[in-house]
Protein chains: 2
Amino acid sequence: MSKTEKKDTKSLIMDLAENAIIEGGFNAFSFRELAAQIGIKSASVHYHFPTKGDLTVSVLRRYKDNFASELPCVETSHASANQLLNGFIDGFKTKIVDNHNMSICTMLTTDVRQLPDEVREELADFYRIKLNWLGSVFMLETGMDEKQAQIKACQMLASLHGASILVQATGDVEKYEDAVGYLRQ
Amino acid sequence: MSKTEKKDTKSLIMDLAENAIIEGGFNAFSFRELAAQIGIKSASVHYHFPTKGDLTVSVLRRYKDNFASELPCVETSHASANQLLNGFIDGFKTKIVDNHNMSICTMLTTDVRQLPDEVREELADFYRIKLNWLGSVFMLETGMDEKQAQIKACQMLASLHGASILVQATGDVEKYEDAVGYLRQ
DNA sequence: ATAGGTTTACCTATCAGTAGATAGATGAAA
DNA sequence: TTTCATCTATCTACTGATAGGTAAACCTAT
């Protein structure tokens, strides 16, 4: 038996929900659908996650924690600022754009009015983490002050998210590099 | 009787649908809801727009045509390239970000997998129009070639759309200028 | 000018499908 | 024996869509 043989149902539900949110946002999945994919009933999904909000929060929190843990530590990593930034740009492309997806953040942001409060807060926190990490990279080598670094972080994060929108709407993957290339080097 | 006194039902439906799409995307409105807001029955909305796809196409096409007609003509306008670009950036802020909204394009793009084909095509065309206009502005004074101008257009459009995402998710309107300020002057 | 037909813009009623959620029962494991 | 994970069954609410009816407005040929 390989160690990935048997995954517990709870994680399995989260895996499927995560995928569904990435593909269609908060309204694009249902308890019934998730249950059917696993081979259980929708009531059993409710056992693990009482409400849709609970499930979405769990998915988003897990995704965010995983994302944060994969980010190189700005202080201890021996990478240069440019290497870190290029890695961020490349990672966004590999994990999101190349899979014909948009980020889970973008997907949930357009649903923001329909989200339960807890999800909205989790989402805002995710952006905060990204902006802070980018900000700290921008301050790394240059003598940039914090305000200026936050501005650069906003600029970069907006470019990446916007670029993925352009790709998704036009179907032209090259537009990603067109839109974000200026950020490199 | 003022001349705006009586609007025909069809346009009224489109007005409400447009608003709903801007606020929540393709899944955020129903025939019943629109009908209730006007004071008619959902079947009557179906009379004007047989399917949800038809209604969405009509709304998007009207929005796009109106948008296109409001863009200054790059050749005949006496504005400089910088004036035109700043106007575009400001317009996006005034019409979209300041109203705590995202663009109708962004909203529909995240729903792209659920859209009927005709809507998807209309949407892609909208992006094409924006990119072409921006591209022609970038070619205006500089001797920039078409390829380079398209790249700049992608970069700029991505920044605007991405900036509005950042604003929507964090609730901080200032992030718009942070993210797009570098495009000015 | 008007009678007869047509079109417009709505209506009521209804359909099958899906949504999120809950109550209460069951069997297996700890 | 209690807890866990699942089930069946069901609820209310809502979805997009259709069939068929109606009253008024509009057209056209006599």
Side-chain angles (χ1 to χ4, degrees), chain A residues 1 5-21 23-60 107-108 110-120 122, chain B residues 1 5-21 23-60 107-108 110-120 122:
Chain A
M1 305 242 174
E5 192 79 19
K6 167 110 193 184
K7 251 198 145 166
D8 63 305
T9 305
K10 193 161 182 170
S11 323
L12 236 163
I13 294 169
M14 288 171 70
D15 293 347
L16 295 170
E18 178 180 313
N19 203 56
I21 294 171
E23 289 193 350
F26 186 70
N27 295 310
F29 71 100
S30 69
F31 279 61
R32 277 175 177 72
E33 244 178 87
L34 299 179
Q37 290 176 64
I38 301 178
I40 59 177
K41 300 294 167 172
S42 74
S44 307
V45 181
H46 278 284
Y47 166 78
H48 294 284
F49 303 96
T51 70
K52 199 174 182 181
D54 292 327
L55 173 51
T56 308
V57 166
S58 295
V59 167
L60 191 51
M107 297 306 294
L108 288 175
T110 57
D111 292 332
V112 84
R113 285 187 169 88
Q114 299 147 66
L115 296 179
D117 288 345
E118 336 115 55
V119 181
R120 238 197 318 266
E122 205 64 42
Chain B
M1 307 243 174
E5 192 79 17
K6 166 109 191 180
K7 248 197 148 169
D8 64 306
T9 305
K10 193 161 182 170
S11 323
L12 235 164
I13 293 169
M14 288 169 70
D15 293 346
L16 295 171
E18 179 180 312
N19 203 57
I21 295 171
E23 290 194 350
F26 185 70
N27 295 310
F29 70 100
S30 69
F31 279 62
R32 277 173 176 73
E33 242 179 87
L34 299 180
Q37 290 176 65
I38 302 178
I40 60 177
K41 299 294 167 171
S42 74
S44 307
V45 180
H46 278 284
Y47 166 78
H48 294 284
F49 304 96
T51 70
K52 200 175 181 180
D54 293 327
L55 173 51
T56 308
V57 166
S58 296
V59 166
L60 191 52
M107 296 306 294
L108 288 175
T110 56
D111 292 333
V112 83
R113 286 187 168 89
Q114 300 148 65
L115 296 180
D117 288 345
E118 336 115 56
V119 181
R120 239 197 319 265
E122 204 66 38

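Both tests do not hold together for B:Lys41 against B:Tyr47: distance to the six-membered ring centre under 6.0 Å, angle to the ring axis within 45°.
Under the 3.5 Å distance criterion, the side-chain polar atoms of A:Asp111 are left unmatched by any main-chain donor or acceptor of A:Leu108. The closest donor-acceptor contact from the side chain of A:Lys52 to the backbone of A:Pro116 lies at 3.5 Å or more, if one exists at all.
When the P atom of C:dC10 is taken as reference, atom CG of B:Leu34 falls 14 Å away, rounded to whole Å. Between the NE2 atom of B:His48 and the C1' atom of C:dT7 there is a distance of 13 Å, given to the nearest Å. Taking atom OH on B:Tyr47 and atom C1' on D:dG21, their separation rounds to 15 Å, with Å as the unit. The separation between B:Ile13 atom CD1 and C:dA9 atom P is 10 Å, rounded to whole Å. For the pair A:Ile38 CD1 and D:dA5 P, the computed distance is 13 Å after rounding to whole Å. Protein atom NZ of B:Lys41 is 9 Å distant from nucleotide atom C1' of C:dT12, rounded to whole Å. Between the P atom of C:dG17 and the CD atom of A:Glu33 lies a distance of 16 Å, rounded to the nearest Å.
The 5' end of DNA chain C is approached more closely, in terms of each residue's nearest nucleotide, by B:Gly39 than by the other of A:Ser30 and B:Gly39.
Listed here is the closest heavy atom pair of A:Val45 and A:Phe31: CG1-CD2, 3.4 Å.
At the heavy-atom level, A:Ser44 lies under 4.0 Å from base atoms of the strands shown.
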| query | Where along nucleotides 21-27 of chain C does protein come under 4.0 Å, by heavy atom, of base (B) or sugar-phosphate alone (S), with - for untouched nucleotides? | reply | BBB----
